[in-house]
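Worth knowing before you read on, the calculation uses all heavy atoms, side chains too, and leaves out hydrogens, waters and symmetry mates. Letters go in sequence order (proteins before strands), and every chain restarts at 1.
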Amino acid sequence: MVIKEIEHFNIEQICDSGQCFRMERKDSGLVSVIAGERYLEVRQDGKTCSFKCTEEDFESFWKVYFDLEEDYGTFIEKISPKDSYLMRAAEIGSGIRILHQDLWEMIVSFLISQQNNIVRIRRCIKNICEKYGEEQQDEQGNIFYSFPKPEAFVGLEEDDLKVCNLGYRSKYVVRTANAIVSGEVSLDAVKTMSYRKAREELLKLFGVGEKVADCICLFALHHLEAFPVDTHIQQALKKHYKRGFPKTRYKGIQGVMQQYIFYYELFYKE
DNA sequence: CGCCAGGGGAGCT
DNA sequence: AGCTCCCCTGGC
């Protein structure tokens with residue numbers, strides 16, 4: 001067990017922020033996370049966080065995964081005091097962090113996200129993990145499923161993932177898996193690219209549009225300048241930023257601001 | 001039963 | 001850049 005006092009970190013807010021579909025609220029204050037071959041439970045009690053893992057695991061993996069080396073206080077300080085809307089949104093969602101998630105997993109997750117709601121996205125991901133992923137058991141006896149690799153989808157018919165509740169998005173995932181395995185698009189290459197180049201490369205994938213590409217850039221590649229515009233953000237921009245979002249002011253960290261707005265709109269819209 | 005919305009995208013012009 | 005059409009589920 002690793003216990004830390006952490007500023008600007010709230011596991012429940014991160015869970016609700018919808019950047020990871022493999023986080024689950026257990027009891028109040030307790031959240032489980034699956035990342036790669038790892039399972040973790042985090043308990044939040046005010047600023048005190050208990051990570052149910054070894055010190056080595058925390059230092060070598062989870063600290064980076066949760067972006068704990070970044071100082072989000074400096075991000076929040078950059079918000080214009082005149083912008084009462086963003087000030088409020090950042091205050092409400094001040095515990096959000098941009099996770100460092102797996103690239104392939106984010107591609108699939110956000111392919112599934114289109115015209116879909118968060119509850120059902122979670123179920124879709126769970127379904128494909130249980131059908132095509134591998135059962136894992138860690139040292140503490142937790143049983144869970146890993147996220148299936150691209151190879152696991154090769155050879156499928158385009159509609160085969162409909163049984164996992166993906167609907168018409170099934171063919172997006174099957175075709176994209178083939179594009180990765182065939183080498184048409186190289187994930188390793190994408191990881192080394194700038195935001196612009198990575199976005200451009202991701203747009204080649206069938207089913208990946210601008211919004212999805214930006215989500216992948218933000219949540220997997222940690223390009224904090226990516227600013228995904230979905231229906232909620234679009235409405236918020238129309239309402240609060242009639243002259244456009246001040247991207248120059250928040251240059252390089254627009255993605256963090258996007259998350260504050262998104263979370264606020266979803267959970268605190270009056 | 002119909003209607004519609006849920007973190008869009010493809011394929012046009 | 002803007003438009004139409006596409007498409008699957010679940011809730012009402």
Side-chain angles (χ1 to χ4, degrees), chain A residues 12-24 86 89 92-93 96-99 101 103 105-128 131 153 156-180 184-185 198-221 223-245 247 254-269:
Chain A
E12 293 187 301
Q13 287 181 9
I14 295 170
C15 180
D16 291 341
S17 73
Q19 48 177 309
C20 176
F21 301 104
R22 307 199 74 202
M23 273 193 193
E24 202 179 335
L86 191 52
I92 296 294
I96 297 171
R97 284 176 182 256
I98 311 293
L99 302 177
Q101 298 186 78
L103 177 56
E105 182 171 333
M106 288 301 97
I107 292 172
V108 176
S109 298
F110 285 94
L111 277 172
I112 292 172
S113 78
Q114 79 166 250
Q115 294 295 108
N116 211 341
N117 59 63
I118 294 181
V119 176
R120 195 156 79 95
I121 298 166
R122 278 212 173 80
R123 201 165 61 237
C124 290
I125 303 288
K126 187 170 185 285
N127 289 341
I128 62 172
K131 192 163 165 68
F153 299 114
L156 294 186
E157 295 294 324
E158 294 198 335
D159 286 341
D160 282 356
L161 294 174
K162 285 188 177 176
V163 295
C164 295
N165 219 312
L166 266 65
Y168 66 89
R169 307 161 194 85
S170 172
K171 61 176 174 294
Y172 297 158
V173 176
V174 174
R175 281 201 210 175
T176 296
N178 281 308
I180 302 303
E184 202 176 311
V185 170
R199 190 177 192 272
E200 195 182 325
E201 195 66 15
L202 290 167
L203 285 171
K204 292 179 182 169
L205 298 169
F206 185 67
V208 174
E210 299 190 1
K211 186 267 171 182
V212 168
D214 277 330
C215 285
I216 299 166
C217 285
L218 185 57
F219 302 134
L221 303 172
H223 291 308
L224 299 185
E225 66 259 57
F227 189 89
V229 178
D230 57 54
T231 49
H232 295 116
I233 296 291
Q234 199 161 41
Q235 283 177 37
L237 291 181
K238 212 159 89 182
K239 196 169 170 187
H240 303 281
Y241 299 96
K242 293 203 170 87
R243 288 181 295 179
F245 188 74
K247 290 199 173 177
Q254 302 98 303
V256 180
M257 302 303 150
Q258 190 270 6
Q259 280 296 283
Y260 294 144
I261 296 173
F262 181 76
Y263 179 79
Y264 183 72
E265 288 296 320
L266 246 69
F267 293 94
Y268 285 85
K269 211 156 87 178

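- Counting any heavy atom pair closer than 4.0 Å across all strands shown, V212(A) reaches sugar-phosphate atoms only and no base atom.
- The backbone N or O of N117(A) lies less than 3.5 Å from no partner atom in the side chain of R122(A), so there is not a single donor-acceptor pair.
- Computed from coordinates, the K171(A) NZ to dA10(B) P distance equals 11 Å when rounded to whole Å.
- In terms of heavy atoms, A226(A) sits closest to D214(A) at CB-O, 3.6 Å.
- Rounded to whole Å, the separation between the P atoms of dT4(C) and dG7(B) comes to 24 Å.
- On the nucleic acid side, DNA chain C contacts chain A at distances under 4.0 Å to non-hydrogen atoms, with the end points of that region at dC7(C) to dG10(C).
- The nearest whole Å value for the distance from the CD1 atom in I107(A) to the P atom in dG9(B) is 13 Å.
- Look at CD1 on I96(A): it is 14 Å from C1' on dG7(B), rounded to the nearest Å.
- Counting any heavy atom pair closer than 4.0 Å across all strands shown, Q234(A) reaches no nucleic acid atom.
- At whole-Å resolution of the value, CD in E265(A) and C1' in dG7(B) are 12 Å apart.
- Using a 4.0 Å cutoff on non-hydrogen atoms, the parts of residues 12-22 of chain A near DNA chain B are S17(A), G18(A), Q19(A), ordered by number.
- For the pair Q259(A) (side chain) and I96(A) (backbone), a donor-acceptor distance under 3.5 Å is absent.
- Of all heavy-atom pairs spanning M23(A) and C15(A), the tightest one is SD-CA, 3.7 Å.
- A salt bridge links R199(A) to E210(A): one of the charged nitrogens lies within less than 4.0 Å of a carboxylate oxygen.
- Proximity of L202(A) to C217(A): side-chain heavy atoms (C-beta onward) are separated by under 4.5 Å at one or more points.
- Regarding F110(A), its CZ atom lies at a distance of 11 Å from the P atom of dG9(B), rounded to whole Å.
- Taken from NZ in K171(A) to NZ in K162(A), the straight-line distance is 6.5 Å, to the nearest 0.5 Å.
- A heavy-atom distance below 4.5 Å is not found between the side chains of V108(A) and T176(A).
- Between the side chain of E157(A) and the main chain of V174(A), no donor-acceptor pair closer than 3.5 Å is present.
- Remark: Y172(A) engages F206(A) in a ring pair (Phe, Tyr, Trp, His ring centres under 6.0 Å) (not counting sequence neighbours).
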Anything under 3.5 Å between a protein N or O and an N or O of nucleotides 2-6 of chain B, put it in a table, one pair a line.
{"residue": "dG6(B)", "atom": "O3'", "partner": "N116(A)", "partner atom": "O", "Å": "3.2"}
{"residue": "dG6(B)", "atom": "N7", "partner": "Q115(A)", "partner atom": "NE2", "Å": "3.4"}
{"residue": "dG6(B)", "atom": "N1", "partner": "Q115(A)", "partner atom": "O", "Å": "3.3"}
{"residue": "dG6(B)", "atom": "N2", "partner": "Q115(A)", "partner atom": "O", "Å": "3.2"}
{"residue": "dG6(B)", "atom": "N2", "partner": "R120(A)", "partner atom": "NH2", "Å": "3.1"}
{"residue": "dG6(B)", "atom": "N3", "partner": "Q115(A)", "partner atom": "O", "Å": "2.8"}

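- In DNA chain B, the stems built from three or more successive Watson-Crick or G-U pairs (distances below 3.5 Å) are B:2-6 with C:8-12, B:8-13 with C:1-6.
- For the pair Q19(A) (side chain) and R97(A) (backbone), a donor-acceptor distance under 3.5 Å is present.
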* To do: Please report the C-alpha distance between I92(A) and Y260(A) in whole Å, then the side-chain angles of each, then the deciding distance to 0.1 Å, and finally whether the side-chain contact (heavy atoms from CB on, under 4.5 Å) criterion is met.
  => CA-CA 8 Å; I92(A) 296 294; Y260(A) 294 144; over 6 Å; no

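- Between the C1' atom of dG7(B) and the CG atom of L111(A) lies a distance of 13 Å, rounded to the nearest Å.
- Near DNA chain B, defined here as any heavy-atom distance below 4.0 Å, the residues from residues 201-208 of chain A are L205(A), F206(A), G207(A), V208(A), listed numerically.
- R169(A) places a side-chain N or O within donor-acceptor distance of the main-chain N or O of Q115(A), the cut-off being under 3.5 Å.
- Between F267(A) and Y263(A), the ring planes are tilted. Angles from 30° to 60° get that label.
- Between the side chain of S109(A) and the main chain of E105(A), a donor-acceptor pair closer than 3.5 Å is present.
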* To do: Mind running side-chain contact (heavy atoms from CB on, under 4.5 Å) on I112(A) and I128(A) for me, showing each step along the way?
  => CA-CA 11 Å; I112(A) 292 172; I128(A) 62 172; 4.3 Å; yes

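- A donor N or O paired with an acceptor N or O is not found under 3.5 Å between the base of dG8(B) and the side-chain atoms of K211(A).
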